[in-house]
J.: 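Before we start, here is the structure in question, set down as structure tokens.
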Amino acid sequence: MISFRGDAHKIYLQLKNASNKGQSYKQMAGLVEIEEIKQFYHSIDSSTLKLIFYRMIKEKNGSGIVPVFVSSIPWFLFMFSNKLQDFLFQDGRFIWLIIFALLYFSILISSVILHFRERAWAAAHIEIIQDILKKRKDTDIA
């Protein structure tokens, strides 16, 4: 079944399904993965964990460059549009327009998906690290 409600609702449906089958929640792949990340970060000392935290903040804030880069490609091509049209559409063929459009939109869609997935994972790592540091009583991070 295809659902467009997002990952949070999908997790809810997986939890509900596991509950109906009498299965343990801790066996779900998504929760196991988060638990492994959490356990790994617990094994790292606080000063190194703070450095990792800062790096994750950089990752979360810097991943927006991908959609900006991809969306700037048409503006770059627009500068050369007359010469580009003469070259691509000589003899009245529009196959190059179709190829360019398909290539451009596939790159754009995949980069936007990548952008939001990277930001979401960075946010998850940041939350895990903050929780660990708070439990260790290291409150000098924001």
J.: When hydrophobic residues are tied together by side-chain contacts of less than 4.5 Å, even through go-betweens, does I109 share a cluster with I98?
T.: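 No, it is not one cluster - the side chains of I109 and I98 are not joined through contacts under 4.5 Å.
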J.: Atom CD of E36 and atom CD1 of I34: how far apart are they, to the nearest 0.5 Å?
T.: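 So the CD of E36 and the CD1 of I34 are separated by 10.0 Å.
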J.: To the nearest 0.5 Å, how far apart are CD1 in I132 and NZ in K38?
T.: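 The CD1 atom of I132 sits 7.5 Å away from the NZ atom of K38.
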J.: Is there a side chain to side chain contact (heavy atoms under 4.5 Å, CB included) between L51 and R55? Walk through the geometry before answering.
T.: CA-CA 6 Å; L51 295 175; R55 179 64 186 187; over 6 Å; no
J.: Shared ILVMFWY cluster between I37 and I44, side chains joined below 4.5 angstrom?
T.: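 Yes.
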J.: Roughly how far, to the nearest 0.5 Å, is the CD1 atom of I126 from the CD atom of E59?
T.: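 Spacing of CD (E59) from CD1 (I126) equals 9.0 Å.
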J.: Any link between F40 and L49 through a network of hydrophobic side chains (Ile, Leu, Val, Met, Phe, Trp, Tyr) touching at under 4.5 Å?
T.: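 In one cluster with F40: L49, yes.
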J.: So, taking the atom named CD1 in I107 and the one named CG in L114, what distance separates them when rounded to the nearest 0.5 Å?
T.: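 Output value for this atom pair is 12.5 Å.
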J.: Could you pull out all residues at least two apart from S106 that satisfy side chain to side chain donor-acceptor pair (under 3.5 Å)?
T.: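 Listed in chain order: nothing, the list is empty.
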J.: On a heavy-atom basis, which atom in R136 and which in Y41 lie closest, and how many Å separate them?
T.: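 Answer, listing the atom of R136 first, then Y41: NH2-O, 3.7 Å.
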J.: Please name all residues satisfying side chain to side chain donor-acceptor pair (under 3.5 Å) with Q39, sequence neighbours left out, ordered by chain then number.
T.: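 Q39 satisfies side chain to side chain donor-acceptor pair (under 3.5 Å) with E35 once adjacent residues are dropped.
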J.: Are I57 and F53 close enough, and set up right, to give a side chain to side chain contact (heavy atoms under 4.5 Å, CB included), and what steps lead you there?
T.: CA-CA 6 Å; I57 293 291; F53 171 79; 4.0 Å; yes
J.: Taking atom NZ of K50 and atom CG of D45, what is their separation to the nearest 0.5 Å?
T.: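 These two atoms lie 10.0 Å from each other.
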J.: How long is the gap from NE2 on H125 to CE on M56, to the nearest 0.5 Å?
T.: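 Those atoms lie 5.0 Å apart.
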J.: I'd like to know if I52 and Y54 are part of one continuous hydrophobic network [Ile/Leu/Val/Met/Phe/Trp/Tyr, side-chain heavy atoms within less than 4.5 Å].
T.: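 Per the 4.5 Å side-chain linkage, Y54 and I52 are co-clustered.
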